[in-house]
Amino acid sequence: MDAVKNKPTLNFIEAIIDADLAEGKNEGKVHTRFPPEPNGYLHIGHAKSICLNFGLAKKYNGLCNLRFDDTNPLTEEVEYIESIKNDIRWLGFGWEKREYYASDYFDTLFDYAVRLIKKGKAYVCALKAEEVNTMRGAPDKPGKESPYRNRSVEENMDLFARMRNGEFPDGSCTLRAKIDMTSPNIHLRDPIMYRIIHASHHRTGNKWCIYPTYDFTHGQSDSIEKITHSICTLEFEVHRTLYDWYIKELELFPPKQYEFARLNLTYTVLSKRKLIELVEGGYVSGWDDPRLPTITGLRRRGYTPEGIRNFCEHIGVTKRETVIDIEMLEYFIRDDLNKRANRVMAVINPLRVILTNYPEDQLEEMEAVNNPEDQGAGTRKVPFSRVIYIERDDFNENPSKDFFRLAPGREVRLRYSYIIKYENVVKDEKTGEIKELHCSFDPESKSGMAGSKRKVKGVIHWVSVKQAISADVRLYDRLFAKPFPDEADEGKDFKSNLNPDSLKVKTCYIEPSVQGTKSLTHYQFERVGYFCVDNDSTEEKPVFNRTVTLKDSWQKKKQ
RNA sequence: UGUCCGAUGGUGUAACUGGUAACACGUCUGACUCUGGAUCAGAAGAGUCCAGGUUCGAGCCCUGGUCGGACAGCCA
């Protein structure tokens with residue numbers, strides 16, 4: 001009964017693996033791979049794939065390779081390889097020595113191509129790119145056969161060798177598989193296997209001037225690595241038949257491909273092309289801009305690997321194309337940070353408060369709990385004196401009945417300190433702006449004292465003006481103002497939906513305990529949100545990035 | 001008039017070889033609280049795209065539709 005009840009539900013891929021294992025396929029082995037192309041930075045969508053592939057290997061006691069699909073020297077760069085490896089490691093996954101490159105297989109792939117030529121299953125086609133495209137037909141129209149389709153094996157062998165030798169210019173000819181120009185699946189209409197690109201490759205240098213296409217590379221690479229479950233996104237579903245065709249004609253180990261739906265999130269974009277546009281167009285500060293859904297951006301924003309992994313585990317894996325509410329991601333990062341981030345008091349919109357009955361030169365140290373969720377985190381001392389800052393929002397001259405904070409005639413508790421009472425407000429005579437507040441404190445009410453038992457409805461955070469250190473806070477918000485950025489007005493694109501308030505920089509005042517902390521350290525600014533130290537921090541001017549706000553039911557109520 | 005894929009509360013996922021829809025996020029109550037945080041308790045919210053059929057019984061099986069997506073790079 002309990003066993004049934006607690007039976008973990010499987011995603012469709014796990015169900016397939018379970019069945020395969022039950023049938024004794026692949027000698028009981030599970031071998032996956034994560035195959036990025038080194039032409040951009042990884043984002044949260046890749047994290048889903050990474051968690052899936054590495055996660056499956058871990059769950060089934062198998063292995064997961066890292067393989068760079070580097071078949072296009074025109075767009076790929078070493079810079080990306082390092083960032084990709086770095087991001088995967090940061091997410092908590094490793095591939096030991098199994099770091100492979102499709103380019104490692106160029107020789108093998110060339111041999112495979114020769115084998116197909118000899119079988120009469122491939123030919124060198126001298127059609128121009130444009131001609132190839134038009135003759136391919138359309139989804140609902142069959143294609144036409146290339147006039148070069150029936151060249152002899154000898155002629156094809158000779159031509160292919162000459163392609164390799166660099167006798168022909170880029171684009172002059174290609175090697176094509178001879179399949180079926182009338183196939184309802186366009187990918188089977190004599191697909192290109194090799195193209196001529198006189199460019200140096202980041203790994204093979206100038207050894208090659210012909211490069212295999214992704215379609216002629218991916219399946220065989222999986223096969224060479226003995227990948228048992230080749231997991232990819234939905235758009236490759238229609239390619240599967242082609243991969244299977246190559247494998248069958250070449251008589252190679254047959255990996256099985258399964259496709260799942262890629263991740264989509266509200267209020268952001270996850271396409272490489274759009275991300276590049278934002279970075280290169282200067283809409284953000286770079287690939288690691290904390291507003292971007294890139295792994296490096298999320299890391300800088302203060303997201304944790306655990307938070308991201310939990311998110312990936314909970315969104316599931318299916319073939320349905322869906323859009324996940326960004327709130328889900330935010331929930332998982334709050335959930336994780338709540339457990340690990342030390343609390344600290346910081347005031348972002350300061351309002352000066354003078355405690356009129358507190359001695360001018362007195363200084364006290366208040367004991368504060370670092371993390372109520374983690375007793376092991378200990379306590380710290382927070383300096384307290386006559387003049388403090390509180391948040392402007394924590395005072396209201398004309399409060400409603402459900403406002404719990406400071407107001408005329410009311411009291412509030414200063415967290416880890418005294419209960420204070422409103423006395424009067426000082427305003428700018430001309431503008432009417434509130435300059436400062438005069439309050440009195442109750443000496444018997446200090447936290448921990450007998451008199452502190454008194455209940456006050458509100459508790460607010462504060463910082464002693466004299467000891468506070470000032471820092472820049474970067475208040476990040478969602479990158480886009482609309483949940484579906486692509487839904488733009490006529491003639492405009494997703495960039496027109498960028499949120500103009502996605503970043504606000506302010507000076508804030510923080511208790512001195514944060515002095516000198518390392519970058520990427522996570523904090524919760526009590527009652528405000530989670531923040532993390534940015535690498536731009538200096539000794540004189542610390543910089544904090546807001547990861548995510550705290551859930552705020554008062555804020556919600558006001559709206 | 002093509003091929004392939006998909007369709008379950010607002011969102012995402014689940015429901016063992018058919019037994020009468022569950023979990024998470026979100027929302028709303030309430031309790032508790034020196035974070036209007038966290039936590040705890042509870043509620044509302046779908047009858048599973050539609051129409052037939054098989055069956056004692058269908059989200060699961062069959063038939064036919066509808067809607068949505070992918071595919072026409074010498075990108076991956």
Side-chain angles (χ1 to χ4, degrees), chain A residues 4 7 9-11 35-37 39-40 69-72 74-76 125 127-129 132-134 136-143 170-176 183-189 191-197 210-211 213-215 217-218 232-241 259 261 266 272-273 314-332 334-335 338-339 343 345 368-369 372-373 402-405 412-417 419 447-448 452 455-461 524-529 549-557:
Chain A
V4 173
K7 178 177 170 288
T9 58
L10 306 174
N11 64 47
E37 184 193 12
N39 72 342
D69 267 331
D70 54 352
T71 54
N72 187 350
L74 264 18
T75 57
E76 295 150 7
C125 178
L127 249 23
K128 295 280 173 282
V132 172
N133 293 341
T134 53
R136 182 154 33 221
D140 54 352
K141 274 180 299 206
D170 288 10
S172 58
C173 57
T174 56
L175 181 71
R176 293 228 253 164
S183 170
N185 182 340
I186 291 182
H187 298 277
L188 258 28
R189 322 240 264 229
I192 310 281
M193 294 163 58
Y194 268 90
R195 25 28 155 160
I196 300 172
I197 304 175
I210 58 172
Y211 291 93
T213 57
Y214 175 84
D215 277 350
T217 306
H218 193 80
C232 65
T233 44
L234 253 27
E235 67 268 31
F236 294 106
E237 202 154 23
V238 282
H239 296 238
R240 192 177 56 220
T241 321
E259 308 86 6
T266 56
K272 219 176 241 183
R273 198 210 91 220
H314 282 82
I315 55 176
V317 178
T318 64
K319 302 188 70 138
R320 304 164 57 179
E321 290 173 28
T322 57
V323 183
I324 294 188
D325 199 324
I326 191 94
E327 300 241 25
M328 188 85 89
L329 214 209
E330 293 173 347
Y331 166 82
F332 283 103
R334 282 193 189 103
D335 184 55
N338 177 47
K339 288 176 254 171
R343 278 113 263 206
M345 289 194 284
V369 173
E373 306 292 320
D402 53 359
F403 182 80
F404 302 158
R405 285 107 94 145
V412 281
R413 150 83 55 194
L414 293 178
R415 175 137 239 231
Y416 296 125
S417 180
I419 291 170
S447 297
S452 76
K455 293 290 177 202
V456 256
K457 190 70 180 165
V459 178
I460 64 175
H461 58 98
Q524 182 196 102
F525 288 4
E526 293 223 27
R527 304 207 306 137
V528 178
T549 60
L550 246 32
K551 245 168 71 180
D552 189 344
S553 51
W554 167 243
Q555 195 60 244
K556 194 169 282 169
K557 201 169 180 175

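The sequence lines fix the lettering, A, B, ..., with proteins before strands; numbering per chain opens at 1.
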Quiz item: How close do A:Arg176 and A:Met193 get, heavy atom to heavy atom, and via which atoms?
Solution: C-SD, 3.8 Å

Quiz item: Does B:rG30 fall in syn (glycosidic angle within 90° of 0) or anti?
Solution: anti

Quiz item: What nucleic acid atoms does A:Val323 come within less than 4.0 Å of, heavy atoms only: base, sugar-phosphate, or nothing?
Solution: sugar-phosphate

Quiz prompt | Pairwise P distance for B:rC60 and B:rG9, with rounding to whole Å | solution = 14 Å

Practice problem: Using the six-membered ring wherever Trp is involved, compare the ring planes of A:Phe236 and A:His218 and label them parallel, tilted or perpendicular (cut-offs 30° and 60°). | Solution: parallel

Quiz item: Which of the following nucleotides, B:rG12, B:rA76, B:rA14, is nearest to the side chain of A:Glu37?
Solution: B:rA76

Practice problem: For residues A:Lys319 and A:Leu234, determine if any side-chain heavy atom of one lies less than 4.5 Å from a side-chain heavy atom of the other. | Solution: yes

Quiz item: Do the side chains of A:Leu550 and A:Phe525 get nearer than 4.5 Å, heavy atoms only?
Solution: no

Self-check item: Nucleotide of B:rG12, B:rC74, B:rG6 approaching A:Lys319 most closely (side-chain heavy atoms)
Solution: B:rG6

Quiz item: Under a 4.0 Å N-O cut-off, is there an ion pair linking A:Asp552 with A:Lys556?
Solution: no

Practice problem: Enter syn or anti for the glycosidic conformation of B:rG73, syn applying to angles within 90° of 0. | Solution: syn

Exercise. State, with a plain yes or no, whether a side-chain heavy atom of A:Arg334 is found less than 4.5 Å away from one of A:Thr549.
Key: yes

Exercise. Using both pair distances under 3.5 Å as the test, note the stems of at least 3 consecutive Watson-Crick or G-U pairs that include RNA chain B.
Key: B:2-7 with B:66-71, B:10-13 with B:22-25, B:27-31 with B:39-43, B:49-53 with B:61-65

Quiz item: With a non-hydrogen cut-off below 4.0 angstrom, is A:Lys272 in contact with a base, only sugar-phosphate, or nothing?
Solution: nothing

Practice problem: Treat primed atoms plus P, OP1 and OP2 as sugar-phosphate and everything else as base, then score nucleotides 67-72 of chain B 5' to 3': B for base contact with protein heavy atoms under 4.0 Å, S for sugar-phosphate contact only, - for none. | Solution: --SSSB

Quiz item: Rounded to the nearest Å, what distance is computed from the NZ atom of residue A:Lys556 to the P atom of nucleotide B:rG26?
Solution: 8 Å

Quiz item: Hey, does A:Thr71 reach any base, or is it just sugar-phosphate, or nothing, if we go heavy atoms under 4.0 Å?
Solution: sugar-phosphate

Exercise. Please state the P separation for the pair B:rA7 and B:rG12 - nearest whole angstrom.
Key: 12 Å

Quiz item: Does A:Arg343 reach the main-chain N or O of A:Arg527 with its side chain, forming a donor-acceptor pair under 3.5 Å?
Solution: no

Practice problem: Could you check how far CG of A:Asn72 sits from P of B:rC74, rounded to whole Å? | Solution: 12 Å

Practice problem: Give the rounded distance in Å between these two atoms: CG of A:Asp215 and P of B:rA76. | Solution: 8 Å

Practice problem: Return yes if some donor-acceptor pair links the side-chain N/O of A:Ser183 with the main-chain N/O of A:Leu188 below 3.5 Å, else return no. | Solution: no

Quiz prompt | P spacing across the pair B:rA58 / B:rG19, given as an integer number of angstrom | solution = 11 Å

Practice problem: Assign A:Gly448 to base, sugar-phosphate, or nothing according to its heavy-atom contacts below 4.0 angstrom with the strands shown. | Solution: base

Quiz item: What's the shortest heavy-atom distance between A:His187 and A:Val238, and which atoms?
Solution: NE2-CG2, 3.6 Å

Quiz item: In whole Å, what separates the C1' atom of B:rG6 from that of B:rC40?
Solution: 40 Å

Self-check item: Nearest-nucleotide pick for A:Ile324, side chain only, options being B:rG12, B:rA76, B:rC74
Solution: B:rG12

Practice problem: Kindly indicate, with the supporting measurements, whether the criterion side-chain contact (heavy atoms from CB on, under 4.5 Å) is fulfilled by A:Ile460 and A:Leu414. | Solution: CA-CA 5 Å; A:Ile460 64 175; A:Leu414 293 178; 3.8 Å; yes

Practice problem: Spell out, as yes or no, whether a donor-acceptor pair under 3.5 Å connects the side chain of A:Arg413 to the backbone of A:Val456. | Solution: no

Quiz item: Which letter, B, S or -, goes with each nucleotide of nucleotides 36-45 of chain B from 5' to 3', with contact meaning a protein heavy atom under 4.0 Å?
Solution: BBS-------

Practice problem: Take atom P in B:rU39 and the same atom in B:rA72, then report the distance between them in whole Å. | Solution: 47 Å

Quiz prompt | Separation of the C1' atoms in B:rU48 and B:rA14, to the nearest angstrom | solution = 12 Å

Quiz item: Rounded to whole angstroms, how far apart are CG on A:Asn11 and C1' on B:rA14?
Solution: 12 Å

Quiz item: Heavy atoms under 4.0 Å, any strand shown: does A:Thr318 hit a base, just sugar-phosphate, or nothing?
Solution: sugar-phosphate

Quiz item: If only atom types and distance count, is the side chain of A:Arg195 paired as donor or acceptor with the main-chain N or O of A:Gly171 below 3.5 Å?
Solution: no

Practice problem: Look only at the side chain of A:Arg415 and the backbone of A:Ala368, and say whether a donor-acceptor pair between them is shorter than 3.5 Å. | Solution: no

Practice problem: For A:Leu10 and B:rU13, give me the distance from atom CG to atom P, rounded to whole Å. | Solution: 16 Å

Practice problem: Select base, sugar-phosphate, or nothing to describe what A:Ile210 touches, counting heavy atoms under 4.0 Å on all strands. | Solution: nothing

Exercise. Check every strand shown and say whether A:Thr174 touches a base, only sugar-phosphate, or nothing at a heavy-atom separation below 4.0 Å.
Key: base

Quiz item: B:rC62 and B:rU55: how far apart are their P atoms, nearest whole angstrom?
Solution: 16 Å

Practice problem: For B:rC28 and B:rC67, measure between their P atoms and round to the nearest Å. | Solution: 37 Å

Exercise. Report the distance from atom CD of A:Glu259 to atom C1' of B:rG6, rounded to the nearest whole Å.
Key: 12 Å

